[in-house]
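Only one structure is covered here, and it is reproduced in the block below.
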Amino acid sequence: MNLFENTTIGGIELRNRLMRSATATFMADDKGYVTPRVKEVYQELSEGEIGLIIFEDTGVGENTLESKHLMIGNDSYIEGYKEIVDQIHSNGGKTIIQLSHSGILRKGEKVVDVTNGFDDRLITKEDISEIVELYGNAALRAKKAGFDGIQIHAAHGYFLTKFLSPYFNRRNDEYGGSVEKRARVVVEILNNIKAKCGTDYPVFLKLNSSDFMAEENTNTLTEAKQIAIMLDKAGIDAIEVSGGVSGGVYGPARNKIFKQENEAYHKENASEIAKIVSVPVIVVGGFRSLEVAEEALQEQNVEAVSLSRPLVREPQLVKRWKNGDTSKAMCVSCNACFNMDGAICAFNKKKRA
Ligand SMILES: Cc1cc2nc3c(=O)[nH]c(=O)nc-3n(C[C@H](O)[C@H](O)[C@H](O)COP(=O)(O)O)c2cc1C
């Protein structure tokens with residue numbers, strides 16, 4: 001396996017095995033529509049010869065993500081995405097959209113925040129059916145916009161991570177208790193997307209290989225493996241392995257990646273998951289050198305490597321590597337790009353001003 005060979009992953013033909021992991025631009029307008037700044041980010045990425053661009057987390061319904069996030073809660077959003085998708089396609093790339101929900105529920109006029117935990121009274125079965133519908137409908141809109149597939153965001157502490165976690169999910173019905181029950185909602189979302197978009201429409205999952213929380217009774221690699229097996233059996237097309245929640249022992253975007261030993265911090269867990277599922281596994285987290293990415297492919301059973309922060313600083317990094325300049329990514333993992341005024345690298349600010 002070579003990083004730069006053509007391949008098919010999760011049913012999508014790709015020009016290489018390097019991906020852009022979903023990265024919020026924080027550049028949407030106040031209703032979650034695409035802005036010229038969002039287009040500019042994807043224009044640059046589309047010219048970077050990346051195999052698969054995983055489009056940033058996008059709210060499945062009205063107000064399902066915090067402000068500055070993109071939304072796809074009704075048909076009026078479709079048009080804005082079409083132009084970006086076409087641009088990526090015309091530059092030889094592929095793109096899937098990450099569908100997400102923060103866990104702030106709107107019940108009529110009422111706003112219910114379930115981000116600190118929930119039981120079956122706070123989220124009823126009707127609420128669950130509505131959430132499953134939101135994902136299916138959002139996926140169909142994404143398909144109409146031309147996206148090559150969907151990624152269900154079940155990592156990093158967002159709503160589905162909490163459904164999967166025994167720490168936050170305190171239900172006693174068929175959606176809580178055992179790992180199987182906690183993962184049921186993700187399976188239902190997958191089934192609904194496939195029912196609405198067709199069984200051939202690729203659906204990927206971003207999964208925490210561990211939540212890395214200090215508290216007892218949280219998800220670790222043991223549970224992540226069980227969840228991965230369940231989703232594999234249910235028909236997921238690929239799994240991107242990440243880890244961590246904000247406020248946890250480790251967040252998803254670690255810093256202080258100075259040496260190669262600090263890179264690729266989910267590679268062992270990704271490898272463990274790859275051994276037990278039939279679908280391709282993608283690994284994200286701290287890749288900065290081409291050698292480390294190649295090594296992961298050769299030694300860790302994974303089929304692709306995805307990057308986030310390095311592509312914020314250098315949208316053309318993959319092209320640069322492919323063309324022979326294989327020096328490590330310039331990203332210093334400072335996380336200054338995690339900025340609600342726009343995820344721009346501090347080193348690129350002058351250029352963008
Ligand atoms: C500015 C910023 C925005 C991010 N947005 C998302 C997102 O929308 N969805 C997601 O799954 N992860 C998101 N992440 C996490 C990254 O996808 C990735 O998992 C993490 O940064 C580790 O990879 P890296 O070392 O290549 O940056 C974001 C990270 C950053 C820094």
Side-chain angles (χ1 to χ4, degrees), residues 18-28 32 37-38 41-42 45 50 52-60 64-66 68-72 95-102 150-161 204-212 239-246 248 250-258 260 262-267 269-270 282-290 292-293 296 304-315 317-318 321 328-349:
L18 287 163
M19 299 181 176
R20 186 269 204 161
S21 202
T23 307
T25 53
F26 307 119
M27 292 175 185
R37 292 175 82 205
V38 175
V41 169
Y42 287 94
L45 284 168
I50 300 159
L52 182 70
I53 294 176
I54 306 179
F55 193 78
E56 64 198 87
D57 60 347
T58 305
V60 289
T64 47
L65 286 181
E66 307 83 358
K68 299 295 180 97
H69 280 88
L70 289 163
M71 301 289 163
I72 189 160
T95 179
I96 64 175
I97 189 170
Q98 186 182 61
L99 295 182
S100 190
H101 195 311
S102 66
I150 302 295
Q151 183 179 63
I152 301 171
H153 192 4
H156 306 171
Y158 275 85
F159 194 28
L160 296 180
T161 332
F204 290 31
L205 177 75
K206 191 164 184 178
L207 180 67
N208 266 3
S209 59
S210 170
D211 288 348
F212 295 114
I239 302 176
E240 184 186 15
V241 173
S242 186
V245 295
S246 57
Y250 293 113
R254 299 187 194 176
N255 38 33
K256 302 204 173 87
I257 309 174
F258 302 127
Q260 287 200 350
N262 309 130
E263 293 190 31
Y265 44 80
H266 296 309
K267 70 176 181 193
N269 280 359
I282 304 148
V283 58
V284 63
F287 286 90
R288 300 294 178 267
S289 341
L290 185 58
V292 174
V305 166
S306 62
L307 308 132
S308 165
R309 290 166 290 173
L311 296 171
V312 176
R313 178 146 190 195
E314 293 176 271
L317 175 65
V318 171
W321 278 348
K328 74 183 256 197
M330 290 165 76
C331 173
V332 295
S333 315
C334 66
N335 285 356
C337 56
F338 208 87
N339 183 334
M340 290 302 135
D341 292 330
I344 299 170
C345 177
F347 293 94
N348 294 349
K349 280 227 159 105

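Start at 1 and go down the list; that is how both ligands and their atoms are numbered. These numbers come from a predicted model, not from an experiment.
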Are side-chain heavy atoms of Gln260 and Lys328 found at a separation under 4.5 Å?
no
Tell me if a side-chain donor or acceptor on Asn335 pairs with a main-chain N or O of Ala253 at a distance below 3.5 Å.
yes
Could you check whether any side-chain N or O of Asn208 sits under 3.5 Å from a backbone N or O of Ala155, counting only pairs where one atom can act as donor and the other as acceptor?
no
Which residue supplies the protein heavy atom nearest to atom 2 (C) of ligand 1, what is that atom called, and how far is it?
Phe338 CD1, 3.5 Å
Quick one: are Leu70 and Val38 in side-chain contact, heavy atoms under 4.5 Å?
yes
Using a strict 4.0 Å cut-off to heavy atoms of Tyr265, name the atoms of ligand 1 that fall inside it.
22 (C), 25 (O)
Does the residue Gln151 have a heavy-atom contact with ligand 1, meaning some pair of atoms that are separated by less than 4.0 Å?
no
Nearest-neighbour protein heavy atom for atom 19 (O) of ligand 1, which is reported as residue plus atom name and distance:
Lys206 NZ, 3.3 Å
Please state which protein non-hydrogen atom is closest to atom 4 (C) of ligand 1 and give its distance, to 0.1 Å?
Ala24 N, 3.5 Å
With respect to Arg309, determine whether any N or O atom, backbone or side chain, lies less than 3.5 Å from an N or O atom of ligand 1.
yes
Output the list of atoms in ligand 1 that are nearer than 4.0 Å to some heavy atom of His156, sorted by atom number.
10 (C), 11 (O), 12 (N), 15 (C), 19 (O)
side-chain contact (heavy atoms from CB on, under 4.5 Å) with Tyr265: which residues, sequence neighbours excluded?
Arg254, Ile257, Arg309
Nitrogen or oxygen of Ala343 less than 3.5 angstrom from that of ligand 1:
no
Do ligand 1 and Ala22 have nitrogen or oxygen atoms that lie under 3.5 Å from each other?
yes
Can you pull out the closest protein heavy atom to atom 21 (O) of ligand 1? Residue, atom name and distance to 0.1 Å, please.
Ala253 CB, 3.4 Å
For Ala293, give me all partners under side-chain contact (heavy atoms from CB on, under 4.5 Å), at least two apart in sequence or on another chain.
Leu3, Phe287, Val305
Taking only heavy atoms of His153 into account, list the atoms of ligand 1 that are under 4.0 Å away from them.
9 (N), 10 (C), 11 (O)
Ligand 1 to Pro310, heavy atom cutoff 4.0 Å, flagged ligand atoms 26 (O)
For ligand 1, the portion of Pro252 having any non-hydrogen atom under 4.0 Å away
backbone
pair Asp341-Lys68: side-chain heavy atoms closer than 4.5 Å
yes
Counting both backbone and side chain atoms, is some N or O of Gly286 under 3.5 Å from an N or O of ligand 1?
yes
Work out whether the distance between some heavy atom of Ala155 and some atom of ligand 1 is less than 4.0 Å.
no
Close approach of Phe55 to ligand 1, heavy atoms, under 4.0 angstrom
no
Can you tell me how the ring of His153 sits relative to the ring of Tyr158, calling it parallel under 30°, perpendicular over 60° and tilted otherwise?
tilted
Relative to the ring of His101, is the ring of Phe159 parallel (under 30°), tilted (30 to 60°) or perpendicular (over 60°)?
tilted
Does CZ belonging to Phe212 count more than 12 external heavy atoms closer than 6.0 Å?
yes
Using distance alone, determine whether Ser306 and ligand 1 share an N or O pair under 3.5 Å.
no
Element-labelled atoms of ligand 1 that are located less than 4.0 Å from some non-hydrogen atom of Ser21
17 (O)
So is Thr23 in contact with ligand 1, going by heavy-atom distances below 4.0 Å?
yes
Taking Val284's backbone N and O only, do any of them form a donor-acceptor pair with Ser242's side chain (distance below 3.5 Å, no angle check)?
no
Under 3.5 Å between some N or O of ligand 1 and some N or O of Asp57?
yes
Under 3.5 Å, side chain of Thr58 to main-chain N/O of Leu99, donor-acceptor pair present?
no
Heavy-atom contacts with Cys337 under 4.0 Å: which atoms of ligand 1 show up? List them by number with element.
1 (C), 31 (C)
Quick check: does any side chain N or O of Arg313 sit under 3.5 Å from a backbone N or O of Cys331, one acting as donor and the other as acceptor?
no
Counting each atom of ligand 1 from 1 as listed, which ones have a heavy atom of Leu307 under 4.0 Å away?
26 (O)
Under 4.0 Å from one or more heavy atoms of Gly285, ligand 1 contributes atoms 22 (C), 23 (O), 25 (O)
